[in-house]
Amino acid sequence: MKTGIKGIRRVSAVAITAGAVLTAGAFAAPAQAATLPTPTITAAGGFVMNNGTGKSLFTKAADTRRSTGSTTKIMTARVVLGQPNLNLDSKVTVQKAYSDYIVNNNWASSARLIVGDKVSVRQLLYGLMLPSGCDAAYALADKFGSGSTRDARVKSFIGKMNATARSLGLTNTHFDSFDGIGHGSNYSTPRDLTKLASNAMKYSTFRTVVGTKSTKQKVTTKSGGYRYMTWDNTNTLLGSYAGTIGVKTGSGPEAKYCLVFAATRNGKTVIGAVLASSSVPNRTADAKKLLDYGFKK
């Protein structure tokens, strides 16, 4: 059988064309990026977002209302810091009512404020956010609420908390306490708490306080002398997770174990919340998983 020149050219052309198709195909179908597995958490609810863009990175029952425990104190601090003409160095005299409140509420965490001591608003914020002092929360509500009686001032302050929630668009949030020891109507959601914390972090004083692992504060005693108060932060992410910048723990019989958290790495800040986790170690583990996931997204 003879193969002419034309036949050879046709075979060559077919081979070249086929090769071109194979080569083009190799470039046209790049390898797919591996899918990042969504983390599993023990908490009943969770939410994470990119704090810079507001983009949602993880949700689990993110809009389900739950008891918030002491993460409520983020709003307590936010209301104080939002006061016009705020003087952080103004002094508050510790009242017996504040210490009695701790005694009367078995679940109340304490800054161990001593009756008669004069402490500054700034120091009360440390006592509020680090050891999660319900006595410090009471003192701040009494100081910044309006009214002629303590009860009226506390009611006024809680009203300011709810007004602030509305102004921030936190439609699934309501407070009936200044510290999270609720009376049946103190709730929020992982998404709302994250948005609240993101807003609070815009205040430099808030960032400084919640990013502090431990502090020693000099306060004035009733007799005019002084004593030192040492407060350690209940947020164990500080010092155990690189880049952590805050923000607040919470717990209670109904709330179980909650944590609002934030960390910054390589210029990216991830912020989120877990509600109703099963233990202190598990809420920390949940937060670390979600931060890891958030930084990879």
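One is the number of the first residue; the rest follow in order along the sequence. We use all heavy atoms of the structure for the numbers below, so side chains are in, but hydrogens, waters and symmetry mates are not.
At distances below 3.5 Å, not a single donor-acceptor pair connects side-chain atoms of W231 with backbone N or O atoms of K216. Side chain of D176 to main chain of S185: a donor-acceptor pair is present (N/O by atom type, distance under 3.5 Å, no hydrogens or angles). Under the 3.5 Å distance criterion, the side-chain polar atoms of S156 are matched with a main-chain donor or acceptor of S146. The backbone N or O of T53 sits less than 3.5 Å from a side-chain atom of N50, completing a donor-acceptor pair. A side-chain donor-acceptor contact under 3.5 Å links Q123 to the backbone of S120. Under a 3.5 Å cut-off, the side chain of R153 and the backbone N or O of G147 do form a donor-acceptor pair. In this structure a side-chain-to-backbone donor-acceptor pair under 3.5 Å is missing from R66 to S188. Looking only at distances, a side-chain donor or acceptor of R207 sits under 3.5 Å from a matching main-chain atom of M201. Using modelled atom types, one side-chain atom of S177 and one backbone atom of G180 make a donor-acceptor pair closer than 3.5 Å. With K60 contributing its side chain and A43 its backbone, the two residues share a donor-acceptor pair below 3.5 Å.
In the model, D192 has a side-chain atom that pairs as donor or acceptor with a side-chain atom of T173 under 3.5 Å. Between S90 and N87, the side chains place no donor N or O within less than 3.5 Å of an acceptor N or O (distance only, hydrogens not considered). Inspection of the N51 and S198 side chains reveals an N or O donor paired with an N or O acceptor under 3.5 Å. Between T236 and S240, the side chains place no donor N or O within less than 3.5 Å of an acceptor N or O (distance only, hydrogens not considered). Of the N and O atoms on the side chains of K73 and S132, at least one donor lies less than 3.5 Å from an acceptor on the other residue. In the model, S277 has a side-chain atom that pairs as donor or acceptor with a side-chain atom of D286 under 3.5 Å. Inspection of the T76 and D179 side chains reveals no N or O donor paired with an N or O acceptor under 3.5 Å. A side-chain donor-acceptor contact under 3.5 Å links D135 and S110. There is a side-chain donor-acceptor pair under 3.5 Å between D292 and Y241.
Counting non-hydrogen atoms of neighbouring residues, nucleotides and ligands closer than 6.0 angstrom, the NZ atom of K256 reaches no more than 12 such neighbours. More than 12 non-hydrogen atoms from other residues, nucleotides or ligands lie less than 6.0 angstrom from CG of N104. Other residues, nucleotides and ligands place more than 12 heavy atoms under 6.0 Å from the CD atom of Q217. For K155, the NZ atom counts as loosely surrounded, since its 6.0 Å shell holds 12 or fewer non-hydrogen atoms of other residues, nucleotides or ligands.
Here the closest non-hydrogen pair linking G82 and Y203 is CA-OH, 3.9 Å. Taking both residues in full, the closest heavy atoms of L125 and V209 are given as O-CG1, 3.7 Å, listed atom of the first, atom of the second, then distance. Looking at every heavy atom in both residues, A61 comes nearest to P190 through O-CD, 3.9 Å. The two residues F47 and A62 make their nearest non-hydrogen contact at CD1-CB, 3.9 Å. Heavy atoms only, all atoms of each residue included: I181 and C134 are closest at CD1-SG, 4.0 Å. Across every non-hydrogen atom of A287 and F261, the tightest pair is CB-CD2, 3.5 Å.
Side-chain contact check for L124 versus V92: some heavy-atom pair is nearer than 4.5 Å. Annotation: side chain of R283 is in contact with side chain of T249 (closest heavy-atom distance under 4.5 Å). For the pair I245/T269, a side-chain contact is recorded, criterion being any heavy-atom separation below 4.5 Å from C-beta on. By the 4.5 Å heavy-atom criterion applied to side chains, V274 and Y257 are not counted as neighbours. Side-chain atoms of L193 and L275, non-hydrogen and from C-beta on, do get closer than 4.5 Å to each other. The shortest side-chain heavy-atom distance between N233 and S214 does not fall under the 4.5 Å cut-off. Side-chain atoms of V48 and F295, non-hydrogen and from C-beta on, never get closer than 4.5 Å to each other.
Ring to ring, Y101 and F178 are close: their centroids are under 6.0 angstrom apart. Ring centers of Y138 and Y98: under 6.0 Å apart, within the cut-off.
A side chain to side chain contact (heavy atoms under 4.5 Å, CB included) with M75 is found for one member of N162, T68, T164 and no other, namely T164.
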Exercise. Between K222 and D117, is a salt bridge (charged side-chain N to carboxylate O under 4.0 Å, His left out) present by the stated rule, with each step listed?
Worked result: CA-CA 5 Å; K222 186 176 182 178; D117 281 4; over 6 Å; no

For this session: Show your working on side-chain contact (heavy atoms from CB on, under 4.5 Å) between L130 and D232 and close with a plain yes or no.
Result: CA-CA 6 Å; L130 271 65; D232 297 321; over 6 Å; no

Exercise. Checking side-chain contact (heavy atoms from CB on, under 4.5 Å) for the pair M49/K55: CA distance, chi angles, key distance, verdict?
Worked result: CA-CA 5 Å; M49 74 177 189; K55 181 183 177 182; over 6 Å; no

For this session: Check the pair D89 / R122 against salt bridge (charged side-chain N to carboxylate O under 4.0 Å, His left out), numbers first and verdict last.
Result: CA-CA 6 Å; D89 297 317; R122 190 192 312 275; 3.2 Å; yes

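The hydrophobic clustering, which links ILVMFWY residues whose side-chain heavy atoms are closer than 4.5 Å, places V219 and L88 together.
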